[in-house]
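Throughout, a chain's letter reflects where its sequence line sits, starting with A, and its residues are numbered from 1.
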Number of protein chains: 2
Amino acid sequence: MKLSATSNVRQHILDTAKPIISSKGFVAVGLNEILQTAGVPKGSFYHYFKSKEAFGEALLETYFADYLLQLETVLTQPGASAAQRLMRYWQYWLDIEADCDPKGKCLAVKLAAEVSDLSEGMRKVLEQGTGAIIARLAQTLEQGVADDSLRPWTESSEAATSLYQLWMGASLRAKITRDRKPLESALLATKRMLGLD
Amino acid sequence: MKLSATSNVRQHILDTAKPIISSKGFVAVGLNEILQTAGVPKGSFYHYFKSKEAFGEALLETYFADYLLQLETVLTQPGASAAQRLMRYWQYWLDIEADCDPKGKCLAVKLAAEVSDLSEGMRKVLEQGTGAIIARLAQTLEQGVADDSLRPWTESSEAATSLYQLWMGASLRAKITRDRKPLESALLATKRMLGLD
DNA sequence: ATTTAAAATTAGACCAGTCGTCTAGAGAAG
DNA sequence: CTTCTCTAGACGACTGGTCTAATTTTAAAT
């Protein structure tokens, strides 16, 4: 079994597609563009994915898997209070989303609106992925309550939900205005909502 | 000059397109679908708009114009405090965005991510439109400070920005989850941020 | 009132591009 | 030497936005 090679090509397609779709969207990008960039013939694509939609689901799945891994490392930095770890996360978010190049930006923000009325499968992955992120944030909020480094205005999972959504909205508006002010507003509001000032 | 008829057809195309694009997005919808639905021949389109992109700009322009008008009536309801008028606005937002049918929903939320990396023209309209909404909200926040019906955590325009973005994010996530919880979280957070509890 | 010039509107051709299919064969594994 | 995975890319059926040329409508002038 050549399973490693199999997943290499598959993963290579996914890796190539990420920055392209991240900047142009899902519908606007054709398979041709992705496959030419990846140097993979079209015939192979349908060996690894049964349709463009299935490919979209896989793209989001791997994206969230990676994201959650990174999130984990940020939120478990040793020698920092829960509040500090959390704020470092938002700071990362700000830096990434304030960058001009859309390639590295959050796929959830980019695709949520476009895709969730279009593909039930992709919508579900988005739902599960964002849910997992929020759950992980809630966990750190709990820790912050325990170590008394922050004081959320409400129950942890409720607070995590609102904070995550606040940042989604800020990122969306940052796409519109093309500057970091929306994100800086979010940072300020976040501090306030966590009782950090 | 048949100027009225001209703008009628033009406006008719715009009106027809709004719900379609509101539910399927900009790129995913072809001119054919819009024009067939509108009963306008394809050849006519380029008489009224110089390109699909120009049409997109016009669509957003009329959308924001209408929106600001409605916003104005909600925020000037007589016999209510600034806080009450503002909360009624968010409640409207919640009701619209929690509805299953995407046709009536906010075009800014639907199109921001998809379009602002794609068309500079549409991005600018989005920027100007959301800016105007935020400015109008800030005005009511000021009034609320004046009549002492609410106590924002920061300067009015900063607060208006964060609130609007919070609701954009909540709407985006409501699209993902297909329920009203994200919006209810936003409502709760809003009340808290305005010192209404 | 009839003709004519001009403008508004439409029909449909156009080609590049879409997703997905399909047949053929290359390459590796057992 | 058979079997199976994977590659190759032409192909079909269709849709995309755009544009030019023709038609219809309007207004003006005789």
task: When you get a sec, tell me which of dT7(D), dA11(C), dG17(D) is the closest nucleotide to the side chain of Val9(A)?
output: dT7(D)
- request: Specify the separation, in whole Å, of atom CD of Gln36(B) and atom P of dA11(C).
  value: 12 Å
message: As a test of understanding, state which of Thr37(A), Ile21(A), Val40(A) forms a side-chain contact (heavy atoms from CB on, under 4.5 Å) with Thr16(A).
response: Thr37(A)
task: May I have the distance from Leu31(A) (atom CG) to dC11(D) (atom P), rounded to whole angstrom?
output: 19 Å
Lys52(B) (side chain) and dG16(D) (base): donor-acceptor pair under 3.5 Å: no
task: May I have the distance from Phe55(B) (atom CZ) to dG16(D) (atom P), rounded to whole angstrom?
output: 13 Å
- prompt: Would you say Asn32(B) reaches dG17(D)'s phosphate, i.e. side-chain N/O to OP1/OP2 under 4.0 Å?
  reply: no
- prompt: Between Lys50(B) (NZ) and dT9(C) (C1'), how many Å, whole number?
  reply: 20 Å
task: In whole angstrom, give the distance that lies between atom CG of Leu35(A) and atom C1' of dA10(D).
output: 15 Å
query: Under 4.0 Å between a side-chain N/O of His47(B) and OP1 or OP2 of dT9(C), yes or no?
result: yes
- prompt: Going by the angle between their ring planes, with limits at 30° and 60°, are Trp93(A) and Tyr89(A) parallel, tilted or perpendicular?
  reply: perpendicular
- request: State, yes or no, whether a side-chain contact exists between Ile13(B) and Phe55(B) at a heavy-atom distance under 4.5 Å.
  value: yes
- prompt: Tyr48(A) has a side chain; which of dT7(D), dG20(C), dT10(C) sits nearest to it?
  reply: dT7(D)
- request: Round to the nearest Å and state the distance from Phe45(A) atom CZ to dA8(D) atom P.
  value: 16 Å
query: For Val27(B), which contact category applies under a 4.0 Å heavy-atom criterion: base, sugar-phosphate, or nothing?
result: nothing
message: Base, sugar-phosphate or nothing for Gly43(A)? Non-hydrogen atoms, less than 4.0 Å.
response: base
task: For dC22(C), take OP1 and OP2 only and decide whether either is under 4.0 Å from a side-chain N or O of Tyr46(A).
output: no
field: Within 6.0 angstrom of Glu120(B) CD, more than 12 heavy atoms from elsewhere
entry: yes
task: May I ask you to verify if any side-chain N or O of Ser44(B) is less than 4.0 angstrom from the OP1 or OP2 atom of dT9(C)?
output: no
field: Glu114(A) side-chain N/O to Val27(A) backbone N/O, donor-acceptor pair under 3.5 Å
entry: yes
